[in-house]
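Notes to accompany the following structure.
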Amino acid sequence: MPLARQPPMIVGNWKMHGVTADLAEMGVIARELLERPTSTEVVICPPATLLATASRCLDGTGIATGGQDCDAKDQGAHTGGVSAAMLVDAGARYVLLGHSERRRLDRETNVDVAAKAAAAFRAKLRPILCVGESAAQRQAGRTLAVLRRQVLRSCPPEAGAGRLTVAYEPVWAIGAGATPAPADIEAAHATIREALSRRYGDASASIRVLYGGSVDGANAPQLLQIAGVDGLLVGRASRRAVQFLPVVRAGETAPPPLDYLPTD
Ligand code: 13P
């Protein structure tokens, strides 16, 4: 099969923000991208309560939606649980998994994340699996070892590699208004790619590795120039069209990654 180049992926994570009225912002983003289509792949992950409505609003616009978490079980007696199949039923194509806020606040382990990713694959959802070191781990010089371990332990062996995306989000950079030095991001992404290659062999070539943590319209162009950065995961700057659209547009001028295999 000929090699194809994947466009950068720009993912908005609304976290626990947004009610029905905020879907108007999504409408603005969709209208703008319909008027001037983008070559980037755009995904918006609203809170679960808005997912079905958001998916309907964005249907036919080229913007995909994603959940922010899913259960490891397919169904059952787990009050409050949301299964991967339920996210698909609500129109989602993607699901964020292992976000550091869930790892930290909900005590999710690598094993938990791997089980959720396996559930996502069973439901034909595409996981965007987050990894990243804490400030203490960084200060102790353990960043690359932590990333290697998180990738090897939280990516399930049965991954259809073409359906997996990994996001590098240094915990200390989230919401901080600071990003790592470009050389550090490059080293982190190289380490993640190495671990993915150990995990999945040649099939790992089609996995995109995104950067996340204090991304905005001003720093997106530089971040997307860093070797190994295949897209961006955006928090605060994803909830308003005026902030999110410049990040999406930055993806259009990013150098295309080489040697990618086509995804399904
Ligand atoms: P901020 O862009 O607000 O730093 O959040 C990043 C993030 O956690 C996205 O998942």
Side-chain angles (χ1 to χ4, degrees), residues 8-18 22 25-26 29 40-48 50-51 54 63-70 87 92-106 108 113 116-117 120 125-135 137-138 143 146-147 150-151 154 164-182 184-185 188-189 192 208-224 226 229-251:
M9 184 190 237
I10 309 294
V11 182
N13 174 12
W14 281 24
K15 307 192 181 186
M16 201 170 71
H17 297 281
D22 297 298
E25 285 295 324
M26 241 182 239
I29 294 166
T40 61
E41 196 173 330
V42 182
V43 182
I44 298 181
C45 302
L50 293 181
L51 192 53
I63 304 174
T65 57
Q68 296 180 9
D69 180 43
C70 75
L87 295 178
R93 286 187 64 213
Y94 292 86
V95 61
L96 292 170
L97 290 177
H99 192 281
S100 64
E101 286 148 18
R102 296 205 61 88
R103 290 180 186 262
R104 188 166 46 90
L105 303 171
D106 297 274
E108 282 185 11
V113 177
K116 290 178 173 205
L125 259 186
R126 297 166 172 263
I128 301 170
L129 205 148
C130 305
V131 296
E133 81 285 3
S134 67
Q137 289 165 332
R138 177 177 184 243
T143 298
V146 166
L147 295 177
Q150 286 183 341
V151 169
S154 47
L164 181 66
T165 300
V166 172
Y168 168 52
E169 291 209 307
V171 181
W172 54 272
I174 294 174
T179 57
D184 291 343
I185 296 178
H189 279 238
I192 291 168
R208 278 183 286 205
V209 183
L210 317 181
Y211 169 79
S214 293
V215 173
D216 58 28
N219 62 23
Q222 288 77 39
L223 290 167
L224 285 162
I226 299 170
V229 173
D230 306 320
L232 300 168
L233 176 53
V234 190
R236 279 161 309 165
S238 70
R239 304 198 305 268
R240 297 285 166 257
V242 68
Q243 290 178 302
F244 190 54
L245 284 166
V247 181
V248 172
R249 296 298 180 201

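All figures in this text were calculated on a predicted structure; none of them were measured in a lab. For ligands, and for the atoms within them, numbers begin at 1 and follow the listed sequence. Numbering starts at 1 and runs along the sequence shown.
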R240 CZ to I29 CD1 distance, which is reported to the nearest 0.5 Å: 9.5 Å

Side-chain H-bond candidate by donor/acceptor type, W172 with E133, under 3.5 Å: yes

Check against side chain to side chain donor-acceptor pair (under 3.5 Å), E169 and H99: CA-CA 8 Å; E169 291 209 307; H99 192 281; 3.0 Å; yes

Per-residue contact class, N13 against ligand 1 - non-hydrogen pairs under 4.0 Å: side chain

N or O contact, G235 vs ligand 1, cut-off under 3.5 Å: yes

Protein heavy atom at shortest distance from atom 9 (C) of ligand 1: E169 OE2, 2.9 Å

Polar side-chain atom of Q137 near backbone of S134 as donor-acceptor pair, under 3.5 Å: yes

G175 heavy atom under 4.0 Å from ligand 1: yes

Test item: N219 side-chain N/O and S214 main-chain N/O as donor-acceptor pair under 3.5 Å: yes

Proximity flag S214 to ligand 1, non-hydrogen atoms under 4.0 Å: yes

